[in-house]
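Step one of this worksheet: look at the structure below.
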Amino acid sequence: MRILTAAVCGALFGIGLYLSGMTDTRKVQGFLDVTGTWDPTLMFVMGGALLPMAIAWRLTQGRTPRYGGSFPAPLQHRPDRNLATGAILFGMGWGLAGLCPGPAMASLSYGGSGGVIFLVAMIAGMLIAVPARRRLDTAGGLT
């Protein structure tokens with residue numbers, strides 16, 4: 001039942017990304033182009049996602065999931081160099097490709113090579129991230 005619930009939620013998420021235009025790389029890049037022909041419509045998509053999520057976090061306090069486990073606690077740490085570095089790299093990739101992980105997965109369902117190339121590059125980045133991080137830490141890089 002847990003896998004079915006996850007599959008239904010993932011499908012709804014993908015449909016939502018598609019209907020909202022988050023899988024359209026031109027729309028995303030238009031949103032990020034604040035000095036050119038800026039397209040603010042994705043701001044409403046983000047706001048439309050944040051509001052129900054904030055309500056869901058409040059409703060889950062003191063409850064347990066129906067299908068086992070526990071809800072994750074909200075993070076209580078301050079932004080640091082690692083978070084800033086990750087956010088900058090994520091933003092650069094999002095701006096260059098017009099895709100982030102969720103929309104890239106959703107874009108696979110309607111073909112095209114762009115989503116596949118992005119997905120392969122994303123997986124490669126995930127595979128090298130931990131060894132690269134260890135190497136930076138031992139070399140006195142980011143902390």
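Counting all heavy atoms, side chain and backbone alike, G102 lies closest to F13 at CA-CE2, 4.2 Å. Contact between T23 and A106 at its shortest, heavy atoms only, is CG2-CB, 3.8 Å. Summarising the geometry of P52 relative to G47, their closest heavy-atom pair is CD-O, 4.4 Å, with the distance given to 0.1 Å. A pairwise comparison of heavy atoms in K27 and T41 identifies NZ-OG1, 3.2 Å as the closest pair.
Note: the hydrophobic cluster containing M122 also contains V116 (ILVMFWY, side chain heavy atoms under 4.5 Å, direct or indirect links). Tracing side-chain contacts under 4.5 Å through hydrophobic residues (I, L, V, M, F, W, Y), one reaches V45 starting from L17; they form part of the same cluster. Two different hydrophobic clusters hold L50 and F44 under the rule that ILVMFWY side chains link at heavy-atom gaps under 4.5 Å. Both L12 and L4 belong to a single network of hydrophobic side chains, linked directly or stepwise wherever heavy atoms of I, L, V, M, F, W or Y lie under 4.5 Å apart. One hydrophobic cluster, built from ILVMFWY side chains closer than 4.5 Å, cannot hold both V28 and F118; they sit in different ones.
Between the W38 side chain and the F31 main chain, a donor and an acceptor come within less than 3.5 Å of each other.
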Practice problem: Tell me, with the steps shown, if R133 and N82 meet side-chain contact (heavy atoms from CB on, under 4.5 Å). | Solution: CA-CA 10 Å; R133 178 58 202 231; N82 293 331; 2.8 Å; yes
Quiz item: Would W94 and L99 count as a side-chain contact (heavy atoms from CB on, under 4.5 Å) if you check the C-alpha gap in whole Å, the side-chain angles of each, and the deciding distance to 0.1 Å?
Solution: CA-CA 5 Å; W94 193 36; L99 289 169; 5.5 Å; no
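The neighbour count for I3 CD1, taken as heavy atoms of other residues, nucleotides or ligands under 6.0 Å away, does not exceed 12.
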